[in-house]
Amino acid sequence: MPEDNIDHIDFEDLDRKALSQPLVNHLYTADPSAHVFDGIIYIYPSHDIDAGEAFDDLGSHFAMEDYHVLSMDKINGKVTDHGIALHVNDVLWAEKQMWAPDANEKEGVYYLFFPAKDYEGVFRIGVATSLSPTGPFKAQPKAIKNSFSIDPAVFKDDDGSYYMYFGGLWGGQLQRWRTGTFNSREPESPTAFIPKENEAALLPMVAKMREDLLEFDEYPKEIKLLDEHRALLLAGDHDRRFFEAAWLHKHHGKYYFSYSTGDTHFICYAIGESPYGPFTYKGRVLNPVVGWTTHHSICEIEGKSYLFYHDSSLSKGITHLRSVKVTEITYLDDGTIKTISPYTG
Ligand code: FUB
């Protein structure tokens with residue numbers, strides 16, 4: 001919820017009811033992408049700062065400049081902040097807004113995937129590499145060819161193929177790419193170029209990664225998100241349609257695509273038989289948290305599944321100053337996920 005709607009919240013009471021507490025409180029972190037490498041849990045979050053930008057619906061107040069990597073030996077263990085892993089000043093092509101990243105590993109090399117605005121104000125996705133999961137990472141001189149929009153999430157399938165999922169509406173600019181090239185026409189309104197309410201919603205994107213994980217192996221494709229009648233979700237279906245924060249994980253051989261619904265603040269998921277989809281909508285993973293955005297990852301750790309997510313409780317509701325948290329996920333026998341309410345504890 002925007003900052004002008006938080007006056008009624010009793011934050012002490014909210015903290016008492018919260019399912020979990022921030023993993024760190026010496027800095028603000030968001031958009032947590034969690035992975036286990038060599039038995040250690042690594043979290044790749046955004047690093048939120050107050051850069052003094054005013055709140056707007058294009059997300060200009062999310063003016064982040066760098067990334068830190070967090071790690072812990074086990075859930076509820078001590079969390080280590082490994083310091084600056086990559087700074088925007090060290091990325092030749094990027095000017096600002098280091099938004100939600102992800103990471104992955106291949107043959108001893110660690111890859112940090114991140115979106116940022118280039119010097120023309122267009123969001124692109126870049127890659128940086130390191131021989132350590134905690135960095136420092138060295139960025140490639142150019143963004144990934146044919147990359148656009150935000151929120152990369154890179155999934156490794158059982159056959160060793162890697163796929164990047166990405167996209168985000170409004171400030172994430174996905175709606176400006178409907179014709180395949182960037183539409184820079186005015187107005188610079190977050191909802192310009194969004195389909196009408198009774199039209200099919202904009203779809204998230206997927207691209208298989210090249211063997212070296214530095215480029216796409218194919219032009220990005222749309223991922224179909226279907227309702228229970230196998231029809232595409234509509235743009236007016238704000239409670240279920242994709243907005244941002246793509247994540248892909250596998251459970252019992254099925255592919256689970258999860259995402260944020262943005263202006264209705266849910267983390268939802270859909271299930272499919274292939275990394276390319278189609279995915280059929282199944283329900284909600286997480287009910288709304290304090291703060292406008294909601295963004296997550298799902299990671300299996302020692303046989304249990306965990307949801308890494310964020311909220312703005314530590315900053316008392318400041319939407320661009322968020323904190324990452326973790327809680328366990330429960331699957332029901334039919335493979336659906338039990339919806340989590342973040343403040344019922
Ligand atoms: O952190 C900046 C943006 O906010 C992310 O890229 C979105 O997913 C939302 O969490």
Side-chain angles (χ1 to χ4, degrees), residues 1-12 14-15 18 20-33 43-70 79-91 94-102 112 114-119 121 123 126 135-137 150-151 168-173 188 190 243-245 260 262-263 265 288-297 308-326 342-343:
M1 61 203 81
E3 280 159 58
D4 51 4
N5 283 347
I6 58 174
D7 291 347
H8 64 284
I9 298 179
D10 173 346
F11 282 98
E12 280 180 16
L14 189 88
D15 267 352
S20 47
Q21 295 301 318
L23 289 181
V24 290
N25 55 20
H26 66 288
L27 75 175
Y28 290 110
T29 54
D31 310 323
S33 294
I43 303 156
Y44 299 85
S46 301
H47 173 201
D48 284 353
I49 53 168
D50 192 354
E53 300 281 343
F55 178 98
D56 68 24
D57 283 337
L58 287 168
S60 308
H61 47 305
F62 294 104
M64 297 87 100
E65 296 178 351
D66 63 20
Y67 297 111
H68 287 227
V69 181
L70 307 177
V79 181
T80 304
D81 168 9
H82 296 272
I84 296 178
L86 180 70
H87 194 283
V88 67
N89 292 346
D90 297 321
V91 184
E95 184 187 12
K96 60 183 179 182
Q97 288 176 288
M98 303 285 265
W99 283 14
D102 190 20
L112 182 71
F114 60 96
K117 270 195 187 150
D118 68 13
Y119 284 89
F123 265 114
F137 289 88
I150 59 166
D151 291 359
L169 310 193
W170 296 17
Q173 302 179 336
E188 207 194 350
F243 190 95
E244 62 187 2
S260 162
D263 54 352
H265 318 288
V289 294
V290 171
W292 198 96
T293 69
T294 185
H295 191 128
H296 70 299
S297 62
F308 290 77
Y309 64 106
H310 71 224
D311 74 6
S312 295
S313 58
L314 185 66
S315 70
K316 302 211 177 334
I318 299 176
T319 249
H320 60 287
L321 296 179
R322 302 160 290 178
S323 300
V324 302
K325 297 181 158 189
V326 61
Y343 309 106

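Quantities reported herein were computed from a predicted structural model and do not represent experimental measurements. Here, residue 1 is the first one in the sequence, and each next residue gets the next number.
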Heavy-atom pair with the smallest gap, counting every atom of Trp99 and Gly172
CZ3-N, 4.3 Å
Parallel, tilted or perpendicular: which one describes the rings of Phe55 and His61, with boundaries at 30° and 60°?
tilted
Name all residues meeting the salt bridge (charged side-chain N to carboxylate O under 4.0 Å, His left out) criterion together with Asp102; count only those two or more places apart in sequence or in a different chain, and write none if there are none.
none
Leu23 to Val79 - nearest heavy-atom pair and separation:
O-CG2, 3.7 Å
Identify, with sequence neighbours excluded, every residue that meets salt bridge (charged side-chain N to carboxylate O under 4.0 Å, His left out) alongside Asp81.
none
Going by side-chain hydrogen bond (donor to acceptor under 3.5 Å, both in side chains), name the residues that satisfy it together with Asp311, two or more places apart in sequence or in a different chain.
Ser313, Lys325, Tyr343
How about Ser297 and Tyr44: does a side-chain donor come under 3.5 Å of a side-chain acceptor?
no
Testing the basics here: between Glu244 and Gly168, what is the closest heavy-atom pair and its distance to 0.1 Å?
CB-CA, 3.9 Å
Heavy atoms, side chains only, cut-off 4.5 Å: are Ile318 and Ser312 in contact?
no
Roughly how far, to the nearest 0.5 Å, is CD of Gln21 from CG of Leu314?
9.0 Å
Under the criterion side-chain hydrogen bond (donor to acceptor under 3.5 Å, both in side chains), which of Asp48, Thr29, Thr294 is the partner of Arg322?
Asp48
Inter-residue atom distance His87.NE2 - Met64.CE, 0.5 Å rounding
13.0 Å
To the closest 0.5 Å, what do you measure between CG (Leu86) and NE2 (His68)?
11.0 Å
Close side-chain approach of His47 to Ile84, heavy-atom, < 4.5 Å:
no
